[in-house]
Number of protein chains: 2
Amino acid sequence: MSTREKILHTALELINDKGYVHVGVREIGRALKKSPGNISYHFSKKEDILIALLEQYRETNSALYEDYFAGQPSAHRFLELMKGIFDSQFRYRGVFIGNQFVKEEIQSGNRYDYRATYQQRLSGFTRIFRELRESKHLQVSDEDIEFLVAHIALVGRFWIYEATLFDKSPNQESTVKHYLDLLARQISLFATPLGAQDISEFRVSQE
Amino acid sequence: MSTREKILHTALELINDKGYVHVGVREIGRALKKSPGNISYHFSKKEDILIALLEQYRETNSALYEDYFAGQPSAHRFLELMKGIFDSQFRYRGVFIGNQFVKEEIQSGNRYDYRATYQQRLSGFTRIFRELRESKHLQVSDEDIEFLVAHIALVGRFWIYEATLFDKSPNQESTVKHYLDLLARQISLFATPLGAQDISEFRVSQE
DNA sequence: GCTTGCATTAGTACATTGTACTATATTTGA
DNA sequence: TCAAATATAGTACAATGTACTAATGCAAGC
């Protein structure tokens, strides 16, 4: 593992534990027995660490989406996809919660074009729901799809904020299960009998 | 207006504009032509400013809830309540977005018992939905109510994060309208014909 | 085997930040 | 009017992010 990777690994652990603001560059260095100047060498700004972690997260997720689109659309597989995404978000929770600091980066789009990724994800979900309509898992109008996409964009991004709001270190399994369950309920409001069966099978498989 | 109130007022403006982290105590002082030591006198910690603003927000909202519960339950009045809350959240948006810093406060509950307020709000929503069921505006099971409360707890808290994620200073009216609309759609999934009419009347009144 | 160039690391210095502390000024109340 | 409380200014200090410089390690080429 390269020093750069070690820094990212240690930083993520510390950030998940204590929050981005409360993790100093010197602290990361201390944990790795490196000087602060050396951390500076690999990541000239502290924000760069956050950006790099976001990038890792994005790549993980892209793989999950690719997997999904490689197979047949179904409500069950959709929920499996979302479980993968939620697990991944949990793993990078400190990054999301500390993302106030990358907001200007996000907004400027200089180093990391988050907006493009975001738009890509939104159209990905639109495609997913359209395919689930075609495969008779969902019974939705175009307006419904728009609504569901807006819903999943918000809930799918911010559930981890809520989960860590009162509980500093929540249990991953039960937390992810809880929010997946809410999502499953939301989807089932638009499900055909086929889709509903698929969803309930998924929920049983998560017991 | 007392100095304390002036500080809060100026701080909120600056925080909404630039974000909590990027507003220094000296900057607030400069804007008010006060020394940093004086700011320190009124708020010995910078976080205290955030806590005080949260307290202001909480009081505003408590008044809105009281108003609602003083009248007859209806889907229309419920959405009016939510509009009031959303407007208020928009006004304090910087506080919410910067609340990573009060998280430890929230979690410890030493100075500000946010958890209690939160629980109170949740049971408030439970009551609201139960009353809307009794008044034949909603057709919901107890499980549905639990689901709706979980939904509104998350969406109602974090829509403002999403709204300011890509757009640094979004338009209040259109933003609030957008998220109210999403909420109205969510509620209408469980609405009786009476409730649905109420909701569509509200949406028309917002045009 | 030695040197040259480049990547890495350490050490340090500096501006800025939150905050504590002290001294001065202003207001208040009896 | 004067003492006490409140408010304000000024400053000092530790900690932080970060820029800069010097030292070290290391692989490739002759």
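Small disclaimer: the values here were computed from a predicted structure and weren't measured. Chain identifiers are assigned alphabetically (A, B, ...) following the order of the sequence lines, protein sequences preceding nucleic acid strands; residue numbering begins at 1 within each chain.
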- prompt: Within the distance-only criterion (no hydrogens, no angle test), does the side chain of B/Ser188 pair as donor or acceptor with the backbone N or O of B/Arg185 below 3.5 angstrom?
  reply: yes
Anything under 3.5 Å between a protein N or O and an N or O of nucleotides 3-10 of chain D, put it in a table, one pair a line.
residue: D/dA7; atom: OP2; partner: B/Tyr41; partner atom: OH; Å: 2.9
residue: D/dT8; atom: OP1; partner: B/Thr3; partner atom: OG1; Å: 3.3
residue: D/dT8; atom: OP1; partner: B/Lys34; partner atom: NZ; Å: 3.0
residue: D/dT8; atom: OP2; partner: B/Thr3; partner atom: OG1; Å: 3.3
residue: D/dT8; atom: OP2; partner: B/Asn38; partner atom: ND2; Å: 3.3
residue: D/dT8; atom: OP2; partner: B/His42; partner atom: NE2; Å: 2.9
residue: D/dT8; atom: O5'; partner: B/Asn38; partner atom: ND2; Å: 3.0
residue: D/dA9; atom: OP2; partner: B/Ser35; partner atom: N; Å: 2.7
residue: D/dA9; atom: N7; partner: B/Ser35; partner atom: OG; Å: 3.2

Whole-Å distance, B/Ile51 CD1 to C/dG18 P, equals 16 Å
Q) Is the shortest heavy-atom distance from the side chain of B/Ile152 to the side chain of B/Phe129 under 4.5 Å? A) yes
Separation of C/dT9 atom P from A/Ile28 atom CD1, nearest Å, is 15 Å
query = Any N or O donor-acceptor pair linking the side chain of A/Arg4 to the base of C/dT8 at under 3.5 Å?
reply = no
Problem - B/Arg77 with B/Asp67: basic N within carboxylate O range, under 4.0 Å - result: no
When rounded to whole Å, the OH to C1' distance for the pair B/Tyr20 and C/dT17 reads 12 Å
Within the distance-only criterion (no hydrogens, no angle test), does the side chain of B/Asp181 pair as donor or acceptor with the backbone N or O of B/His178 below 3.5 angstrom?
no
Can you see whether B/Phe90 has B/Arg93 sitting over its ring - NZ or CZ less than 6.0 Å from the centre and within 45° of the normal?
yes
B/Lys45 atom NZ is separated from C/dA20 atom P, nearest whole Å, by 8 Å
Rounded to whole Å, the CZ-P distance (A/Arg30 to C/dA10) equals 14 Å
Rounded to whole Å, CD1 of A/Ile39 lies from C1' of D/dC20 at a distance of 17 Å
Next item on the list: Determine yes or no for a side-chain-to-main-chain donor-acceptor pair under 3.5 angstrom, with A/His76 supplying the side chain and A/Ser74 the backbone.
Entry: no
Taken to the nearest whole Å, CZ/B/Phe43 to P/C/dA20 is 15 Å
Rounded to whole Å, the CD-P distance (A/Glu47 to D/dA19) equals 12 Å
